[in-house]
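Inspection log for the structure reproduced underneath, given as structure tokens.
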Amino acid sequence: MAQADLSTTSATRPLARTTTFAMAAAAGLAVANIYYNQPMLGLMEHDLPGQITRFTPTMTQLGYALGLFLLLPLGDIVERKRLIVVQFVVLAVALAAVAIAPGAALVVAASLVVGIAATVAQQIVPFAAHLSAPEKRGATVGTVMAGVLCGILLSRTLAGFVAAHAGWREMFWLGAPLAIIAGGLMMVVLPVSRPDSRLSYPALMKTLIHLWREFPALRRAALTQALLFGAFTAFWTILALRFQEPRFNLGADVAGLFGVVGAVGILAAPIAGRIADRSGPQKVIVLGAVLALVSWIIFGLWTSIPGLVVGVILLDFAVQSALVSNQHVVYALRPEARARLNTLFMGSMFLGGSAGSALATVVWGAAGWTGVSLLGVAFTAIAVAVQIINLRRV
């Protein structure tokens with residue numbers, strides 16, 4: 001297989017903690033934008049009648065997956081700092097478009113663009129891995145991914161609160177300047193990192209196929225995380241609709257507050273990264289898959305608010321632990337191709353997420369919470385099986 005090596009200018013000094021935390025904050029602000037619509041979905045459906053509105057979270061997840069496949073490889077051939085700043089600007093414009101969209105179709109279309117542009121979060125993560133020392137890479141990625149998880153979970157809390165007290169459009173109006181602020185922060189703190197490559201974009205994209213075929217560990221990590229993230233998005237897509245049922249009769253603000261509960265999982269990222277640095281990531285991945293399965297069993301059998309609280313803590317902790325550990329595996333496969341490896345890994349993960357969101361929406365309409373719980377059990381059980389088969393081969 002002919003493959004050109006891509007080398008980038010490495011940092012000559014250790015990555016400062018302030019820079020790491022700034023990257024974590026910016027990544028969290030970026031990824032938050034694809035989750036604002038989940039706790040607000042009931043309000044959006046009321047304001048924009050029609051079945052198409054219900055698929056807004058699915059379209060946002062799909063946009064994120066498309067952006068990962070189409071934009072993330074650019075990190076190996078384009079100066080990363082400039083690429084990150086430009087994506088934040090595009091993200092702000094897309095958020096404003098959602099806020100002013102007069103109908104459901106335009107909201108869904110603009111949400112696709114929001115998802116595509118929000119992949120700037122995944123430009124930041126491999127850049128952090130590139131800038132960090134090898135012996136600290138797991139901890140650095142874990143810190144940045146903690147910021148990502150914080151954005152994922154607390155975005156729901158913020159969106160639920162703003163939507164309940166001001167309206168769902170106002171949340172997107174708030175998101176636009178936050179994206180500009182994050183882009184400005186990255187302009188100030190990030191070093192210039194110029195790739196040393198003569199590959200064209202089409203040639204670069206062709207190497208994705210070779211990388212996918214070359215590394216079984218990449219395929220296994222991608223499949224496992226796609227299944228776990230599919231279960232994760234299934235829960236969060238349906239939660240707001242679940243709370244609108246007569247037995248709960250709760251609004252967007254309460255659905256959003258569950259983001260605070262799930263934020264306990266933020267602790268998993270740096271812990272998992274340090275364990276992966278010391279002992280290897282495989283045991284953490286297996287544990288994460290098993291805990292995710294347990295969380296969905298709890299959702300199905302313990303259907304009260306306390307059951308949801310316990311289940312969401314387990315689910316978020318499990319998915320985040322597995323994610324950081326799988327990234328540890330993937331980033332070590334070929335350092336000069338981290339952006340493309342991240343493309344394949346995260347792209348697969350968000351395809352799984354969009355599938356989980358779409359299937360959960362359909363199953364919810366046909367079989368309610370019981371059907372969604374069975375769907376979550378199926379996704380996580382397959383992830384556990386994939387990891388057990390791998391352990392037996394080792």
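In what follows, every heavy atom counts, from backbone to side chain, and hydrogens, waters and symmetry copies are set aside. As the structure is a prediction and not an experimental result, all values here were calculated from the model.
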Q: Check the angle between the aromatic planes of Phe299 and Trp296 and answer parallel, tilted or perpendicular using the 30° and 60° thresholds.
A: perpendicular
Using side-chain heavy atoms (C-beta onward) and a distance below 4.5 Å, is [X] in contact with [Y]?
X	Y	value
Phe248	Ile305	yes
Val108	Leu112	no
Val31	Tyr64	yes
Met346	Gln225	no
Pro73	Leu208	yes
Leu227	Thr380	no
Gln327	Met145	yes
Leu174	Leu178	yes

Using atom types as modelled and distance alone, determine if a side-chain donor or acceptor of [X] lies under 3.5 Å from a backbone N or O of [Y].
X	Y	value
Thr20	Ala16	yes
His130	Pro126	no
Ser357	Ser354	no
Thr237	Ala234	no
Asn342	Val125	no
Arg219	Arg213	yes
Asn33	Leu29	yes
Lys81	Leu190	yes
Ser200	Ala203	yes

Q) How far apart are the C-alpha atoms of Leu204 and Arg340, what are their side-chain angles, what is the distance that settles it, and do they pass the side-chain contact (heavy atoms from CB on, under 4.5 Å) test? A) CA-CA 8 Å; Leu204 186 77; Arg340 286 168 290 159; 3.4 Å; yes
Q: Test Gln87 against Leu71 for side-chain contact (heavy atoms from CB on, under 4.5 Å), laying out the working first.
A: CA-CA 10 Å; Gln87 277 196 246; Leu71 298 183; 3.9 Å; yes
Q: Please assess His328 against Leu323 for the test side-chain contact (heavy atoms from CB on, under 4.5 Å), listing each intermediate value before the final yes or no.
A: CA-CA 9 Å; His328 193 282; Leu323 173 58; over 6 Å; no
(Q) I'd like to know whether Phe243 forms a side-chain contact (heavy atoms from CB on, under 4.5 Å) with Leu308, so could you lay out the CA-CA distance, the side-chain angles of the two residues, the decisive distance to 0.1 Å, and finally the verdict. (A) CA-CA 11 Å; Phe243 277 159; Leu308 289 172; 3.7 Å; yes
Is there a path from [X] to [Y] through hydrophobic residues (I, L, V, M, F, W, Y) whose side chains come within less than 4.5 Å of each other?
X	Y	result
Ile285	Val330	no
Trp212	Tyr331	yes
Phe232	Val309	yes
Met171	Ile180	no
Val120	Val113	no

Quick check: closest heavy atoms across [X] and [Y], and the distance to 0.1 Å?
X	Y	value
Phe88	Ala179	CD2-O, 3.4 Å
Asn326	Ala221	OD1-CB, 3.4 Å
Leu228	Ala322	CD1-CB, 3.6 Å
Ala101	Leu106	CB-CB, 3.8 Å

Donor-acceptor pair between [X] and [Y] side chains, under 3.5 angstrom:
X	Y	result
Glu79	Ser193	no
Ser111	Asn37	no
Gln282	Gln387	yes

(Q) Please evaluate residues Thr233 and Gln61 with respect to the criterion side chain to side chain donor-acceptor pair (under 3.5 Å), reporting the C-alpha separation (whole Å), side-chain torsions for both, the decisive distance (0.1 Å), and the verdict. (A) CA-CA 9 Å; Thr233 59; Gln61 296 283 340; 5.6 Å; no
Q) Does CZ in Arg17 sit with more than 12 non-hydrogen atoms of other residues, nucleotides or ligands closer than 6.0 Å? A) no
Q: Flag yes if more than 12 heavy atoms outside Phe69 fall under 6.0 Å of its CZ atom; otherwise flag no.
A: yes
**Q.** Residue list, side chain to side chain donor-acceptor pair (under 3.5 Å) with Trp168, at least two apart or on another chain
**A.** Asp47
Q | Spacing of CG belonging to Leu241 relative to CD belonging to Gln38, to within rounding of 0.5 Å | A | 10.5 Å
